[in-house]
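Worth saying up front: this structure is predicted, and the values here are computed from it rather than measured.
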Amino acid sequence: QVQLAESGGGLVQAGGSLRLSCAASGRTFSNYAMGWFRQAPGKEREFVAAISWSGGSTFYADSVKGRFTISRDNAKNTVYLQMNSLKPEDTAVYYCGVTPQYSGSYYYTDYDYWGQGTQVTVSS
């Protein structure tokens, strides 16, 4: 079992920044790739970013590429999502997940464990 807890969400104006954190406990964190997904009201959960177990490989959804950065600190069992130049369409609940896929995955069905989510609201 892996327990995940997201934090760092909030209300921000368009163009602003937030940094989300996802703290993990349970199984050895460094053995797993991690991903961030988001879900807006009435929409399906969508991929945002993923990072390999070592942190050496990352990939992003086209909608956030160049604005968001995923990183991890295995010594702290934490993965981060730095979000810059936020837009109203980034408004959603953001979730982190754990996957055994080596570099992460675009598909939420590949993730075994999820946190409870953190709300991000971007005002125009």
Side-chain angles (χ1 to χ4, degrees):
Q1 283 261 345
V2 176
Q3 292 78 44
L4 303 173
E6 301 94 337
S7 61
L11 173 64
V12 64
Q13 288 188 332
S17 297
L18 284 173
R19 188 175 83 153
L20 305 184
S21 298
C22 173
S25 60
R27 290 184 181 173
T28 305
F29 173 75
S30 59
N31 289 349
Y32 295 91
M34 303 289 294
W36 285 98
F37 285 70
R38 64 188 182 187
Q39 190 166 16
K43 295 187 177 182
E44 290 190 353
R45 191 169 296 193
E46 67 171 356
F47 172 77
V48 175
I51 187 167
S52 63
W53 65 270
S54 68
S57 175
T58 60
F59 55 99
Y60 300 88
D62 287 343
S63 59
V64 306
K65 203 172 293 183
R67 300 189 297 123
F68 291 11
T69 303
I70 189 171
S71 61
R72 65 189 296 163
D73 184 340
N74 287 343
K76 296 182 178 180
N77 289 351
T78 302
V79 64
Y80 304 97
L81 186 67
Q82 178 67 43
M83 306 187 296
N84 299 328
S85 302
L86 283 161
K87 304 176 181 180
E89 51 263 44
D90 294 318
T91 295
V93 177
Y94 283 70
Y95 299 90
C96 66
V98 172
T99 175
Q101 301 290 329
Y102 176 77
S103 295
S105 173
Y106 290 103
Y107 306 105
Y108 69 85
T109 52
D110 286 337
Y111 291 76
D112 296 331
Y113 300 98
W114 296 95
Q116 293 299 307
T118 185
Q119 176 71 48
V120 171
T121 304
V122 184
S123 63
S124 57

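- Criterion: ILVMFWY side-chain heavy atoms under 4.5 Å apart, direct or through other members. Under it, I51 and L4 are part of a common hydrophobic cluster.
- Summarising the geometry of G104 relative to A50, their closest heavy-atom pair is CA-CB, 4.0 Å, with the distance given to 0.1 Å.
- Taking all atoms of both residues into account, the shortest heavy-atom contact from A49 to L81 is CB-CD1, 4.2 Å.
- Cluster annotation: V120 is not connected to Y95 through the hydrophobic network of ILVMFWY side chains, with a link wherever side-chain heavy atoms come within less than 4.5 Å.
- Considering OG of S7 and CZ of R19, their distance stands at 9.0 Å, rounded to 0.5 Å.
- Counting heavy atoms from C-beta on, the side chains of L20 and M83 come closer than 4.5 Å.
- Residues W114 and W36 are members of separate hydrophobic clusters, defined by side-chain heavy-atom contacts under 4.5 angstrom among Ile, Leu, Val, Met, Phe, Trp and Tyr.
- Residue A23 comes nearest to T78 through the heavy atom pair CA-OG1, 4.1 Å, listed as atom of the first residue, atom of the second, then distance.
- The neighbour count for Y60 OH, taken as heavy atoms of other residues, nucleotides or ligands under 6.0 Å away, is above 12.
- Less than 6.0 angstrom separates the ring centroid of F47 from the ring centroid of F59.
- The side-chain heavy atoms of N84 and S17, taken from C-beta on, include a pair separated by under 4.5 Å.
- The six-membered or imidazole ring of Y111 lies near that of F37, with a centre-to-centre distance under 6.0 Å.
- By the 4.5 Å heavy-atom criterion applied to side chains, Y94 and E6 are not counted as neighbours.
- Atom CE of M34 sits about 14.5 Å away from atom OG1 of T58, to the nearest 0.5 Å.
- Ion pairing between a basic and an acidic side chain is recognised when a charged N comes within 4.0 Å of a carboxylate O; D90 and K87 show no such pairing.
- The two atoms that bring Q3 and Q1 nearest to each other are NE2-CB, 3.6 Å, heavy atoms only.
- Taken together through direct or relayed side-chain contacts under 4.5 Å among Ile, Leu, Val, Met, Phe, Trp and Tyr, V2 and V79 form part of one hydrophobic cluster.
- Taking CD of Q116 as the reference point, atom SG of C96 lies at 10.0 Å (rounded to 0.5 Å).
- With a 4.5 Å cut-off on side-chain heavy atoms, L86 and F68 count as touching.
- Within the 4.5 Å cutoff, the side chain of R38 has heavy atoms near those of the V64 side chain.
- In this structure, the side chains of T99 and Y107 stay at 4.5 Å or more apart for every pair of heavy atoms.
- Taking 4.5 Å as the limit, every side-chain heavy atom of L11 sits out of range of all side-chain heavy atoms of Q119.
- A continuous path of Ile, Leu, Val, Met, Phe, Trp and Tyr side chains, each step under 4.5 Å between heavy atoms, connects V93 with Y108, placing both in one hydrophobic cluster.
- Distance check: C22 SG to R72 CZ gives 9.5 Å after rounding to the nearest 0.5 Å.
- Minimum heavy-atom separation, G8 to T118: N-OG1, 4.2 Å.
- Between the side chain of T91 and the backbone N or O of V122, at least one donor-acceptor pair lies under 3.5 Å.
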